[in-house]
Amino acid sequence: MARGKLRIHLGAAPGVGKTYAMLSEAHRRVGRGTDCVVGFVEHHGRPRTEVMLHGLEQVPRRELEYRGGVFPEMDLDAVLARRPQVALVDELAHTNVPGSRNAKRWQDVEELLAAGIDVVSTVNIQHLESLGDVVESITGVRQQETVPDEVVRRADQVELVDMTPEALRRRMAHGNIYQPDKVDAALSNYFRPGNLTALRELALLWVADRVDAHLTQYRSEHRVSAIWGSRERIVVGLTGGPEGRTLIRRGARLAEKGAGGEVLAVYIARSDGLTSASPKELALQRTLVEDLGGTFHHVVGDDIPAALLAFARGANATQIVLGSSRRKTWQYVFGPGVGATVARESGPDLDVHIVTHDEVAKGRGLPVARGARLGHSRRVWGWIAGVAGPPLLAVLLNTVDLGLANDMLLFLALTVAAALLGGLLPALASAAVGSLLLNYFYTPPLHRWTIADPKNIVAIVIFVAVGVAVASVVDLAARRTHQAARLRAESEILAFLAGNVLRGETGLEDLLERVRETFGMESAALLERAGDVEPWTCAGRVGRGRPVERPDQADVDIPVGDHMALALTGRVLPAEDRRVLAAFAAQAAVVLDRRRLQEEADRARTLAEGNRIRTALLAAVSHDLRTPLAGIKAAVTSLRSEDVEWSEEDRAELLEGIEEGADRLDHLVGNLLDMSRLQTGTVTPLIREIDLDEVVPMALGGVPEGSAGLDVPETLPMVAVDPGLLERAVANLVENAVKYSPPGAPVLVAASALADRVEVRVVDRGPGVPDEAKERIFEPFQRHGDAPRGAGVGLGLAVARGFAEAMGGTLNAEDTPGGGLTMVLTLRAAGARPELQPAAEPERQAS
């Protein structure tokens, strides 16, 4: 079914005439004979609009109860059942009453379009998702009902319903838009000339951009001329802060002003994993970027301005959007900031936009070292050494006089010890306490908090600086150790994961279980969908957490391509864990693809095997089965001929030929049926204990007398077999051996006992089979050497091996000493274990 076409009447504000224009279009179509119905049109008490509804078929609305009230909504099922050519659906951005099938009316429209129904709808410019911020700044009103830009952008036609602000205000004053009691308030607030002018400009620019896009597409398709001007690519730099959503929307608006614009949101994380970004906020911003048609990128780099510029140049970007710094004034001592550095180093090929937002200058926490990396016990001992150590040392030094220089060295040593144990804060505490004690007890004037000699001031400052420096080195070493340990753990996980996946040792559920265990989550699931508007389905899930049907329901979700995501529940993971998780997600997608490819390969292999069997069967039917039939028919035709008088000898010879042909045909058909049973797995042996001398002699009845000899001792133990299957297997082996044995060299069928097994050996003196062909002769429809076509279809040995394995035995080919081939049929003796152990067999001699 072809998808329906969507036509949208776009307006700058309420009252410009969108609904009136839509109804006028409906009357024109009805006049041309088009089946057009009103799915939902709201005239808002406007007389002229209400008059336009006359003469149009209206589908009855559905009434829904909500919070004690009754609200009319479009009856989607009724419109689908009516199946008109065109349906009129007003207010595309409308939010449906809870209890409706879809949350938004544009989703109802999508269902109508999917059903092949053309739709004519209306929407105002302020309801587009990407313009929410700018409309709020113009009118002071935040639009709660929005429609994704992509829905409007995908419309087949967008018609701008335009009206000057002055004309719109006159319509408002005449009571053609709102009720008279609301006119003055509307004209003083939302419908001010400035507001209407700005909204009109937004609508005109949006439609102009869409016209440019269509014109570019037309020129490209018809090769009118080369297209000049580069495509706008907007790189939005994110910090993980709340201002990111404002920057993304700003970037989306910039991209829409150029034909084919593209938004690339990028978050740059430091390689040491220290970041103040919120993983949850980044996930929300990534979702917003994707909803606006852009892409999200995660880049690692220690020099953030350089990494951002490198990414922008690598993506051929034309503009960069950054937010004003959240740092306070005093924090600029650390540098000019990312925005200023990027603007200075961007060069003439990149435009940099610095966007203001609500978080400007509110402060941004700088990444600091966490003492937890040193361990709890080390920090406790560090604080003991830093706080209690200096007073104890002062007590000891008061008993001896070592001089100020030695006293300071001892206090410095104590500060270094506190730094080595507890890091920066205990070292600062030790330096502070130690410097006060040195000042009070050991620097003139004694027992006073003053310093007479300026040299002692320098000494104390150096003392504090050394303590802080040592503490910083210790803290840096602890962070690097933590980072190295984490990276080593990540590399071990990834190496183990990659090895298992490459060797094919990990299934999808096993991989998901390892993800869940590695990150301590409650559940892990791999979700996928066929397209952007298709529902999500679960390809694999482990754990006992709450079921997740969509990625946004999970605590952590990692996208894999456009239509797959790894979703985990249990807790929110830090940003550094998401790097490894992304590798797991990619490997999960690889495992899923490999599993499906393997399933397809198995199906293809089964089909190929079936085709090979069918081809061989057709070949057998075309020749081997037709030969005995042709002989039988010729003999019968000769006997029924009235033109020839046949003698008794001739008649007997013809009847004998008929009998031989029938026997041969019966044998071939029997082998074909047996092979079919083996291929379909319907052979069910009836195992019972029996003596070989009761079965094997019966298998020799189908060969000429004297062509086979028998040596089956009566002392052999009984065997656990299916007598019928055993007889057929031995008969096929004997017939095959007789076929290849030279004249005067009868086939020998001998049996012997070996441990818990009994062997039946069929020995011939024919040409034999080379070692490389010994296994191939057991395949269906295989003939060895130059066997004539009339010698059979090549199923006898395949059927014999199939029957032997069905009874728990084996069938193998060996060379006959002195020349020839020996078929060794190994059977399980009565009372022996079901599993045969053919290993370590002694050398056997033919009887």
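None of the values given here were measured: they were computed from a predicted structure. Quick note: numbers below take in every heavy atom, side chains included, and nothing from hydrogens, waters or symmetry partners.
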Practice task
Could you give me the CA-CA distance, side-chain angles and deciding distance for Val135 and Leu202, then say whether side-chain contact (heavy atoms from CB on, under 4.5 Å) is met?
Solution key: CA-CA 9 Å; Val135 171; Leu202 285 177; 4.2 Å; yes
Search all heavy atoms of [X] against all heavy atoms of [Y] and return the closest pair with its distance.
X      : Y      : value
Pro14  : Tyr190 : CD-CE2, 4.2 Å
Leu199 : Ala12  : CB-O, 3.5 Å
Leu204 : Leu160 : CD2-CD2, 3.2 Å
Ala265 : Leu238 : CB-CD1, 3.9 Å
Gln126 : Ala13  : OE1-CA, 4.3 Å
Ala312 : Ile320 : CB-CD1, 3.9 Å

Practice task
Identify, with sequence neighbours excluded, every residue that meets salt bridge (Lys or Arg N to Asp or Glu O under 4.0 Å) alongside Glu549.
Solution key: none
Which distance, rounded to the nearest 0.5 Å, do you find between the [atom1] of [X] and the [atom2] of [Y]?
X      : Y      : atom1 : atom2 : value
Ile138 : Arg192 : CD1   : CZ    : 11.0 Å
Arg105 : Thr95  : CZ    : OG1   : 9.5 Å
Leu350 : Thr318 : CG    : OG1   : 7.5 Å
Glu256 : Arg153 : CD    : CZ    : 4.5 Å
Glu91  : Asn124 : CD    : CG    : 8.5 Å
Ser121 : Met22  : OG    : CE    : 7.0 Å

Exercise for the section: Could you walk me through whether Leu264 and Val289 pass the side-chain contact (heavy atoms from CB on, under 4.5 Å) test, one step at a time? Expected result: CA-CA 8 Å; Leu264 299 90; Val289 170; over 6 Å; no
Exercise for the section: In sequence, state the C-alpha distance, the side-chain angles, and the governing distance for Leu112 and Val89, and then conclude on side-chain contact (heavy atoms from CB on, under 4.5 Å). Expected result: CA-CA 10 Å; Leu112 295 177; Val89 182; 4.0 Å; yes
Practice task
Could you walk me through whether Asn96 and Asn102 pass the side chain to side chain donor-acceptor pair (under 3.5 Å) test, one step at a time?
Solution key: CA-CA 7 Å; Asn96 293 332; Asn102 298 310; over 6 Å; no
In the structure I gave you, are the side-chain heavy atoms of [X] and [Y] within less than 4.5 Å of one another anywhere?
X      : Y      : result
Ile177 : Leu168 : yes
Arg170 : Asn176 : no
Met564 : Leu526 : yes
Leu254 : His353 : yes
Leu288 : Arg249 : yes
Leu10  : Trp206 : yes
Ile234 : Glu262 : no
Thr19  : Val41  : yes

Under 3.5 Å: donor-acceptor pair, side chain of [X], backbone of [Y]:
X      : Y      : result
Arg169 : Leu187 : yes
Asp162 : Gly11  : no
Thr537 : Glu528 : yes
Asp90  : Phe40  : no
Arg171 : Gly15  : yes
Arg245 : Gln285 : no
Asp555 : Gly570 : yes

Donor on one side chain, acceptor on other, [X] and [Y], under 3.5 Å:
X      : Y      : answer
Glu145 : His127 : no
Asp149 : Ser130 : yes
Thr139 : Gln143 : no
Glu73  : Ser100 : no

Problem - Enclosure of Phe296 CZ (heavy-atom neighbours >12, cutoff 6.0 Å) - result: yes
Exercise for the section: Inspect the surroundings of CZ in Arg142 and state if more than 12 heavy atoms from other residues, nucleotides or ligands are less than 6.0 Å away. Expected result: yes
Exercise for the section: Would you please test Glu129 and Leu292 for side-chain contact (heavy atoms from CB on, under 4.5 Å) and show each step? Expected result: CA-CA 8 Å; Glu129 171 68 32; Leu292 295 176; 3.8 Å; yes
Does the distance from a Lys or Arg side-chain N to an Asp or Glu carboxylate O, for [X] and [Y], drop under 4.0 Å?
X      : Y      : result
Arg154 : Glu110 : yes
Arg250 : Asp133 : no
Asp291 : Arg286 : no

Handout entry: Geometric class of the Tyr178/Phe191 ring pair [parallel <30°, tilted 30-60°, perpendicular >60°]
Key = perpendicular
Practice task
Have a look at Leu92 and tell me which of Thr122, Val119, Val109 forms a side chain to side chain contact (heavy atoms under 4.5 Å, CB included) with it.
Solution key: Val109
Exercise for the section: Go through Thr569 and Ser523 one step at a time and tell me if the side chain to side chain donor-acceptor pair (under 3.5 Å) criterion holds. Expected result: CA-CA 5 Å; Thr569 61; Ser523 68; 2.5 Å; yes
Problem - His297 and Phe311: CA distance, side-chain angles, deciding distance, ring pair (Phe, Tyr, Trp, His ring centres under 6.0 Å) verdict - result: CA-CA 10 Å; His297 304 268; Phe311 176 85; 5.2 Å; yes
